[in-house]
Amino acid sequence: MSLLPPERTEFIGFVAPREVSETRDPQGPAIDRDYLRLLAQAHEWGGFDRVLVAFYATAPDPLLLAAEIGAVTERIGLMIAHRTGFTAPTVAARQFATLDRLTGGRVAIHAISGGDDRDLARDGDHLTKDERYARTGEFLDILRLSWTSAAPFDYAGAHYRVAGGFSEVTPVSGIPVYFGGASPAALAVAGRHADTYALWGETHDQVRELIGRVRAEAARHGRAPRFSLSVRPILAETEERAWARAEEILAQTRALRAAKGLGPAAAPQNEGSRRLLAAAAAGKRLDKRLYTAIAAETGASGNSTALVGTPEQVAEALLDYHDLGVRTFLIRGFDPLEDALLYGRALLPAFKDLLARRAGTAEAA
């Protein structure tokens with residue numbers, strides 16, 4: 001699975017090694033192999049293009065989880081979150097290229113610099129945010145050199161110095177780089193390296209503005225990245241039932257936080273979370289289907305805004321973002337396995353049908 005054509009629509013799901021969400025306490029051991037396999041296969045059955053395997057400081061290793069997912073699936077791509085800076089870039093390049101070869105070219109990297117100082121400190125990283133993004137830029141420079149150089153190379157940066165770097169193993173046909181971050185330091189790296197720039201589920205105005213900034217930054221390097229939107233669809237047979245389910249999920253989230261003794265969410269340290277909270281401050285329901293209450297409740301610590309409605313209504317809402325330039329949709333539910341099946345059965349077909357009908361209408365015109 002090499003770099004996608006600019007107009008190709010892509011759906012990415014989310015696979016975790018055990019059942020957990022804002023409404024569900026972690027179930028089972030840190031790695032439940034049966035659940036991991038079921039969740040991965042549910043996404044493959046549902047027609048997703050890739051699945052994200054996330055990274056945080058106390059979690060099982062995502063590269064090894066991705067290897068297991070690759071072994072129990074046949075087609076689906078692997079978007080592997082990798083926190084840059086903890087593994088030497090030449091070593092990481094060989095690890096990713098090796099897995100790409102073993103899976104027949106299914107690997108992508110989601111390069112993350114880390115937006116929470118507390119989580120980074122658990123692994124002994126105490127650089128500032130701007131320093132982390134500068135390190136990520138050098139890391140991705142070396143990654144690409146390792147994947148493409150036909151002869152040994154040298155590299156001298158502020159964070160890495162490589163003498164005679166070379167990799168015998170290279171990707172099947174290129175490993176796409178996904179990248180997010182909305183601070184000026186992040187956008188500078190995105191312009192140089194992002195094949196797909198990842199946004200969270202923001203308002204139309206926010207998405208339009210940020211896409212414009214990323215495009216301007218990328219144009220300085222002669223690049224034109226794709227854009228991804230991360231959102232949590234909440235579906236039901238009718239719009240009324242969907243909104244009722246959204247309120248029920250909010251109540252369950254509050255109840256679980258209260259049971260854990262969690263007070264108001266701490267102020268976020270990353271720009272993406274601040275942008276989601278700014279949207280939430282503007283209203284609970286925005287742009288007709290964007291539901292921000294769960295982001296407000298959790299401090300927008302991750303992908304936490306929802307699109308609410310019937311499968312057809314949410315497909316229309318996704319199409320609105322498509323009109324703004326988004327071509328990749330990273331979606332996951334609050335009931336992870338059940339929602340993955342529902343998305344594959346109803347939401348993805350509804351979106352593809354709408355897109356095909358629009359293309360047919362344009363062709364006829």
Side-chain angles (χ1 to χ4, degrees), residues 1-2 4 8-56 58-83 95-112 171-173 175-178 196 198 228-235 302-303 311 328-349 351-352:
M1 299 179 69
S2 58
L4 291 175
R8 163 83 183 275
T9 303
E10 177 186 43
F11 279 93
I12 301 178
F14 180 85
V15 171
R18 63 175 169 176
E19 184 179 23
V20 62
S21 80
E22 289 84 348
T23 63
R24 299 186 181 190
D25 252 338
Q27 301 296 311
I31 299 175
D32 181 337
R33 291 183 66 195
D34 290 339
Y35 181 79
L36 179 71
R37 181 182 68 251
L38 283 172
L39 192 54
Q41 292 174 343
H43 283 88
E44 185 162 71
W45 169 85
F48 282 80
D49 298 283
R50 293 190 186 275
V51 289
L52 168 64
V53 188
F55 182 106
Y56 57 93
T58 60
D61 183 80
L63 194 67
L64 297 177
L65 291 177
E68 177 70 6
I69 293 168
V72 299
T73 55
E74 298 178 357
R75 173 197 56 80
I76 200 160
L78 306 163
M79 178 183 173
I80 305 165
H82 182 82
R83 186 169 282 175
Q95 290 173 331
F96 275 83
T98 298
L99 185 56
D100 191 60
R101 287 284 171 181
L102 290 173
T103 58
R106 291 197 268 162
V107 166
I109 183 172
H110 181 33
I112 53 176
V172 172
S173 57
I175 293 178
V177 173
Y178 293 73
T196 296
S228 170
L229 184 86
S230 299
V231 73
R232 311 286 288 274
I234 298 175
L235 308 179
N303 177 12
T328 292
F329 297 99
L330 200 166
I331 58 175
R332 64 184 175 103
F334 294 95
D335 298 329
L337 179 58
E338 297 91 331
D339 283 338
L341 292 167
L342 178 58
Y343 298 158
R345 187 168 61 247
L347 180 57
L348 270 63
F351 177 86
K352 292 172 182 177

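This is a predicted model, so every value here is computed, not measured.
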Gap separating the CG atom of L38 from the CG atom of D32, nearest 0.5 angstrom:
8.5 Å
Quick check for you: to the nearest 0.5 Å, what is the distance between L64 atom CG and I69 atom CD1?
11.0 Å
Looking at every heavy atom in both L36 and A16, which two are closest together, and how far apart are they?
CD1-O, 3.7 Å
Just by distance, do the side chain of R232 and the backbone of N303 share a donor-acceptor pair under 3.5 Å?
yes
Are any non-hydrogen side-chain atoms of R332 and D339 less than 4.5 angstrom apart?
no
In the structure I gave you, are the side-chain heavy atoms of T103 and T73 within less than 4.5 Å of one another anywhere?
no
Main chain of V20, side chain of Q27: is a donor-acceptor contact present, judged purely on distance under 3.5 Å?
no
Working to the nearest 0.5 angstrom, can you tell me the gap between I76 CD1 and R106 CZ?
8.5 Å
Of all the heavy-atom pairs spanning G344 and W45, show the shortest one and how long it is.
C-CZ3, 4.4 Å
Is a side-chain donor or acceptor of S228 paired with a backbone partner of A198 at a separation under 3.5 angstrom?
no
Answer yes or no: is there a donor N or O on one side and an acceptor on the other, between the side chain of R18 and the main chain of I31, under 3.5 Å?
no
Under the side chain to side chain contact (heavy atoms under 4.5 Å, CB included) criterion, do F334 and I234 qualify, and how do the steps go?
CA-CA 8 Å; F334 294 95; I234 298 175; 3.9 Å; yes
Tell me whether S21 contacts the main-chain N or O of T23 through its side chain, where contact means a donor paired with an acceptor under 3.5 Å.
yes
May I ask you to test the T196-P176 pair for a side-chain heavy-atom distance under 4.5 Å?
no
Can you confirm whether more than 12 heavy atoms, excluding those of E74, are under 6.0 Å from its CD atom?
no
Heavy atoms, side chains only, cut-off 4.5 Å: are L229 and T328 in contact?
no
Check: E10 side chain, D49 main-chain N or O, donor-acceptor pair, under 3.5 Å
no
Closest heavy-atom pair and its distance - A40, V15
CA-CG2, 3.9 Å
H82 and F96 aromatic centres sub-6.0 Å:
yes
R101 side chain vs T98 backbone, donor-acceptor pair below 3.5 Å:
no
L342 side, atom CG; L348 side, atom CG - distance, nearest 0.5 Å
10.5 Å
Nearest heavy-atom contact between L341 and A42 is CD2-CB, 3.8 Å
Between V107 and D100 the two heavy atoms that sit nearest each other are N-OD1, 3.1 Å
Before giving the answer on side chain to side chain contact (heavy atoms under 4.5 Å, CB included), spell out for L330 and M79 the whole-Å C-alpha distance, their side-chain angles and the decisive distance to 0.1 Å.
CA-CA 11 Å; L330 200 166; M79 178 183 173; 4.2 Å; yes
Kindly indicate, with the supporting measurements, whether the criterion side chain to side chain contact (heavy atoms under 4.5 Å, CB included) is fulfilled by V51 and I12.
CA-CA 5 Å; V51 289; I12 301 178; 5.5 Å; no
Stepwise, does the side chain to side chain contact (heavy atoms under 4.5 Å, CB included) test hold for I80 with H110?
CA-CA 6 Å; I80 305 165; H110 181 33; over 6 Å; no
Hey, are the side chains of P60 and F55 touching, using non-hydrogen atoms and a 4.5 Å cut-off?
no
In terms of the angle between their ring planes, are F48 and Y343 parallel, tilted or perpendicular, with boundaries placed at 30° and 60°?
tilted
How far apart are the closest heavy atoms of A81 and P62, and which atoms are they?
O-CG, 3.3 Å
So OG1 of T9 and CZ of F329: to nearest 0.5 Å the spacing works out to 6.5 Å
Rounded to the nearest 0.5 Å, the CG atom of L39 sits from the CZ atom of F14 at a distance of 9.0 Å
